[in-house]
**Q** 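Mind having a look at this structure? Questions to follow.
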Amino acid sequence: MESDDMAGSVGRPNGTQRVERPRLSFWGLWNLSFGFFGIQVGFALQNANVSRIFQSLGTSIDDLAFLWIAGPVTGLLVQPIIGYFSDRTWSPLGRRRPYFLAGAILASLALVGMPNSHALWFAAGMLWILDASLNIAMEPFRAFVGDMVSKQQRTAGYAFQTVFIGAGAVAASLAPTVLTRIFGVSNVAPPGEIPLSVRLAFYIGAGALMVAVLWTVFTTREYSPDEMRRFEGAHASLSHDEPLAVPLNGFWWVTVGAIVIICVGQFQLDKPVYILGGALLAYGGLQEFTRRHALAGRRAGPVTRIVSDLVQMPPMMKRLAVVQFFTWIALFILWIYTTPIVTRYMFGAADAASHSYNDGADWVGVLFGVYNGVAALYAFALPEIAHRIGRGRTHMAGLLAGAVGFGLFLLIRDPDWLIPPMILIGIAWASILTMPYAILSSALPQAKLGVFMGIFNMFIVLPQLLVSSAMGTIMNFAFPKEPIWLMGIASLMLLLATVAMRGVGRSLQPEAGAAK
């Protein structure tokens, strides 16, 4: 890995005093994060096209959220487990790289299989495999930056990830449209089949994913455990085997989950809400299992350790978790419902096999390309903005821009005028991908960075589970004929996230040069 200067030290590197990580050059930061380009190609193809694939296979708008349930379920299971094991891994490939390489291989295979679905069950299964594989690849990348860059470069390190996330998403989102308009590939197909433009885009994405991840694997060298101990100094003494916490709220989580399940039957709510109730029951059960495990003095395993870490998150992480929860409700509304909303309200199309519908779906790809492109560009400015006004205020401004962008959807019916709202959402997206991780990685113990990043990402996954299981019920109850009001809910969620971020900002130490 290239660096601008050799490591400096604070005192003598005797295991209790800290040695500074080397400052990475532009190309060092580039190589570190380039793999995220490929991972985001996979996510963007999924986000922009899966609703289209499901509708092409005969799914109604009311059932879309349920079919997206694969994402939150796999994310809840995969991310903390991968974080837990990557904290404890050291191999010839290093600590994190074995995991995002394995995830990339599996995700590339799923990208090839997804657009060849001829039945809804097969498409749903491919989505499950794809989402699990992308989570395996993505989670270690978040901790990877925290491992490799100094605290002074954390904002720049995560901003580089955002640049590649934006660039990958632009390429993937525009791919079907480019194939259609420039290369003449058909964007329509008979009922029950996936357009050729979508299939080719997924094949190209699979190749891009593998090349990008292999680039990072072969151009970076992870720091050894001994080097990591020198970097952390006194903090390196943190053990993976400290006593388990004793959770006290398992009974209440089980009770709430049981109430939700009973309400589904009593009030004839949508069946996906059963999954939400089941998740609450399971979490309560795991808390109770961990409590008994701890009281009995038994050795901690992966599950009990993850639950223990979850219930004793650092205070800063708890505050940011609230911000993430509201933020990602808005984002999952965007990804699940933008295609059916734009095709219905801006293109007047409901038939997924019609030219108007597929033109509208292609335009959604363009809109997704716009907000991701803006995010990639805005990410370059984030380190300087954060330096001047602080990370907390920078993120508040980004969230507020996104709230305005979602609100404008309620006023616009000309598809061309959707570009300004997407610019504002792009500003929010850049901040969402950068600032929480820059803030959090400086507040977490390095020895457990992987598992805590995995737990933190659960507060991305939980909103997806909520949207996937309950949003159909909310939509049918509140505005059964006007799903565009979901964009109003998204705007409200980002406003709540902005308010929650004020509490985080007040607890942050001012950065050098930042406004106080």
**Q** Does the side chain of Asp362 pick up a donor-acceptor pair with the side chain of Asn358 at under 3.5 Å?
**A**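 No, because no side-chain N or O of Asp362 sits under 3.5 Å from a partner of the opposite role on Asn358.
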
**Q** Within the structure provided, determine whether Ile136 and Phe100 are in side-chain contact (heavy-atom separation under 4.5 Å).
**A**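 Not touching, per the 4.5 Å side-chain cut-off.
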
**Q** May I ask you to check whether Tyr357 and Phe347 place their ring centres under 6.0 Å from each other?
**A**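 No; Tyr357 has its ring centre 6.0 Å or more from that of Phe347.
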
**Q** Stepwise, does the side-chain contact (heavy atoms from CB on, under 4.5 Å) test hold for Phe325 with Leu466?
**A** CA-CA 10 Å; Phe325 181 80; Leu466 181 63; 4.0 Å; yes

**Q** Looking at the rings of Trp335 and Trp429, which for Trp means the six-membered one, are their centres under 6.0 Å apart?
**A**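 Close enough - the centres of the two rings lie under 6.0 Å apart.
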
**Q** Donor-acceptor check, side chain of Arg319 to backbone of Val504, threshold 3.5 angstrom: yes or no?
**A**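 Flag not set: sc Arg319 to bb Val504 has no pair under 3.5 Å.
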
**Q** Is it true that the side chains of Gln153 and Arg21 contain a donor and an acceptor less than 3.5 Å apart?
**A**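 Absent: no donor and acceptor within the cut-off.
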
**Q** Identify the heavy atoms of Val78 and Ala132 that sit nearest to each other, and give their distance.
**A**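 Heavy-atom minimum between the residues: CG1-O, 4.1 Å.
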
**Q** Would you give the length of the straight line joining atom CD of Glu222 to atom CZ of Arg96, rounded to the nearest 0.5 angstrom?
**A**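 So the gap between those two atoms works out to 7.5 Å.
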
**Q** Quick one: are the ring centres of Phe459 and Phe456 less than 6.0 Å apart?
**A**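 Between Phe459 and Phe456, the centre distance exceeds or equals 6.0 Å.
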
**Q** With side-chain contact (heavy atoms from CB on, under 4.5 Å) as the test, pick out the partner of Val364 among Thr177, Thr338, Leu418.
**A**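 Of all the options given, the one that passes is Thr338.
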
**Q** Between atom OG of Ser441 and atom CE of Met453, what is the distance when rounded to the nearest 0.5 Å?
**A**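 These two atoms lie 5.0 Å from each other.
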
**Q** For the CG atom of Asn457 and the CD1 atom of Ile460, what is their distance to the nearest 0.5 Å?
**A**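 One gets 4.0 Å once the value is rounded to the nearest 0.5 Å.
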
**Q** Do Ile423 and Val370 come close enough that some side-chain heavy atom pair is under 4.5 Å?
**A**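 Result yes, sub-4.5 Å side-chain heavy-atom pair found.
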
**Q** What closest approach, in Å, do Pro176 and Ser197 show between heavy atoms, and which atom pair accounts for it?
**A**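 Answer, listing the atom of Pro176 first, then Ser197: O-CB, 3.8 Å.
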
**Q** Rounded to the nearest 0.5 Å, what separation is found between the CD atom of Gln46 and the CD1 atom of Ile53?
**A**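 The distance works out to 9.5 Å.
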
**Q** Counting N and O atoms only, with roles assigned by atom type, does the side chain of Thr216 sit under 3.5 Å from a partner on the main chain of Gly35, one being a donor and the other an acceptor?
**A**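 Yes, because the side chain of Thr216 sits within donor-acceptor range (under 3.5 Å) of the backbone of Gly35.
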
**Q** Could you walk me through whether Phe144 and Thr220 pass the side-chain contact (heavy atoms from CB on, under 4.5 Å) check?
**A** CA-CA 11 Å; Phe144 192 48; Thr220 58; 3.8 Å; yes

**Q** Find the distance between CD1 (Ile341) and CD1 (Ile484) and round it off to the nearest 0.5 Å.
**A**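 Separation between the atoms: 6.0 Å.
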
**Q** Please tell me if the side chains of Leu127 and Met114 come closer than 4.5 Å, counting only heavy atoms from C-beta onward.
**A**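 Leu127 reaches Met114 side chain to side chain.
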
**Q** Enter the distance from Phe141:CZ to Tyr158:OH here, rounded to the nearest 0.5 Å.
**A**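 Spacing of CZ (Phe141) from OH (Tyr158) equals 12.0 Å.
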
**Q** Using a 4.5 Å cut-off on heavy atoms from C-beta on, say whether the side chain of Leu214 contacts that of Leu101.
**A**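 Counting from C-beta outward, Leu101 and Leu214 do come under 4.5 Å.
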
**Q** Are the aromatic ring centres of Phe26 and Phe160 under 6.0 angstrom apart?
**A**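 Centroid separation for Phe26 and Phe160: below 6.0 Å.
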
**Q** Determine whether Phe406 and Leu334 satisfy the following criterion, side-chain contact (heavy atoms from CB on, under 4.5 Å), listing intermediate values before the conclusion.
**A** CA-CA 9 Å; Phe406 278 107; Leu334 175 75; 3.8 Å; yes

**Q** Test the Arg305-Tyr84 pair against the cation-pi criterion, namely NZ or CZ under 6.0 angstrom from the six-membered ring centroid and within 45° of the ring axis.
**A**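 Ring-cation test returns no.
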
**Q** Where do Leu280 and Gly257 come nearest, in terms of heavy atoms and distance?
**A**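 Leu280 and Gly257 have their closest heavy atoms at CB-CA, 3.6 Å.
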
**Q** Check this for me: does any side-chain nitrogen of one of Glu227 and Arg221 sit under 4.0 Å from a carboxylate oxygen of the other?
**A**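 Between Arg221 and Glu227 there is a salt bridge, with a charged N closer than 4.0 Å to a carboxylate O.
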
**Q** Quick one: do Val145 and Gln161 satisfy side-chain contact (heavy atoms from CB on, under 4.5 Å)? Show the steps, please.
**A** CA-CA 9 Å; Val145 171; Gln161 280 197 355; 3.1 Å; yes

**Q** Would you say Arg391's side chain and Ala438's backbone share a donor-acceptor pair under 3.5 angstrom?
**A**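 Such a contact is found between Arg391 side chain and Ala438 backbone.
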
**Q** So do Ile385 and Arg393 actually touch side chain to side chain, heavy atoms under 4.5 Å?
**A**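 With C-beta onward as the side chain, the pair stays apart.
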
**Q** Side chains of Trp328 and Ile432: closer than 4.5 Å at any heavy-atom pair?
**A**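 Sidechains of Ile432 and Trp328: in contact.
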
**Q** Would the distance check show the side chain of Asp87 and the main-chain N or O of Gly450 forming a donor-acceptor pair, the cut-off being under 3.5 Å?
**A**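 It does hold such a pair.
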
**Q** Give the minimum heavy-atom separation between Gly38 and Ala212, together with the two atoms involved.
**A**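 Minimum heavy-atom separation between Gly38 and Ala212: N-CB, 3.4 Å.
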
**Q** Which pair of heavy atoms, one from Ala430 and one from Ala375, lies closest together, and at what distance?
**A**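 Scanning both residues, the minimum pair turns out to be CB-O, 3.5 Å.
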
**Q** Return yes if some donor-acceptor pair links the side-chain N/O of Thr343 with the main-chain N/O of Pro340 below 3.5 Å, else return no.
**A**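 Yes; at least one donor-acceptor contact below 3.5 Å.
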
**Q** Measure the acute angle between the ring planes of Phe368 and Tyr371, then classify it against the limits of 30° and 60° as parallel, tilted or perpendicular.
**A**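 Rings of Phe368 and Tyr371: perpendicular, as their planes differ by over 60°.
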
**Q** Quick check on Arg413: does its CZ atom have over 12 non-hydrogen neighbours (other residues, nucleotides or ligands) under 6.0 Å away?
**A**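 Atom CZ in Arg413 is crowded, with more than 12 foreign heavy atoms closer than 6.0 Å.
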
**Q** Would you confirm whether the ring centroid of Tyr345 sits within less than 6.0 angstrom of the ring centroid of Phe409?
**A**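 Centroid separation for Phe409 and Tyr345: 6.0 Å or greater.
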
**Q** Between Asp414 and Ile412, what is the shortest heavy-atom contact and its length?
**A**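 In this case the closest contact between Asp414 and Ile412 is O-CG2, 3.3 Å.
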
**Q** So does Trp363 have more than 12 non-hydrogen atoms from other groups sitting under 6.0 Å from CH2?
**A**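 More than 12 within 6.0 Å, yes.
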
**Q** Does a donor on one side chain sit under 3.5 Å from an acceptor on the other, for Gln287 and Asn249?
**A**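 Judged by distance alone, the side chains do not pair up.
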
**Q** Ignoring hydrogens and geometry beyond distance, is a side-chain donor-acceptor pair present between Arg95 and Ser86 at under 3.5 Å?
**A**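 Side-chain D/A pair, Arg95 to Ser86: absent.
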
**Q** Only one of Phe36, Phe34, Phe164 clears ring-ring contact (aromatic ring centres under 6.0 Å, His included) with Trp215; which?
**A**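 Checked Phe36, Phe34, Phe164 against Trp215; only one passes ring-ring contact (aromatic ring centres under 6.0 Å, His included): Phe34.
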
**Q** Ignoring hydrogens and angles, tell me if any N or O in the side chain of Asn31 forms a donor-acceptor pair with the backbone of Trp27 under 3.5 Å.
**A**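 The answer is yes, because a donor-acceptor pair under 3.5 Å joins these two groups.
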
**Q** Determine whether Leu496 and Ile329 make a side-chain contact, defined as any pair of heavy atoms from C-beta on separated by less than 4.5 Å.
**A**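 They are not in contact (no side-chain heavy atoms under 4.5 Å apart), so the answer is no.
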
**Q** Is the closest side-chain heavy-atom distance between Met210 and Val213 below 4.5 Å?
**A**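 Of all side-chain heavy-atom pairs linking Val213 with Met210, none is under 4.5 Å.
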
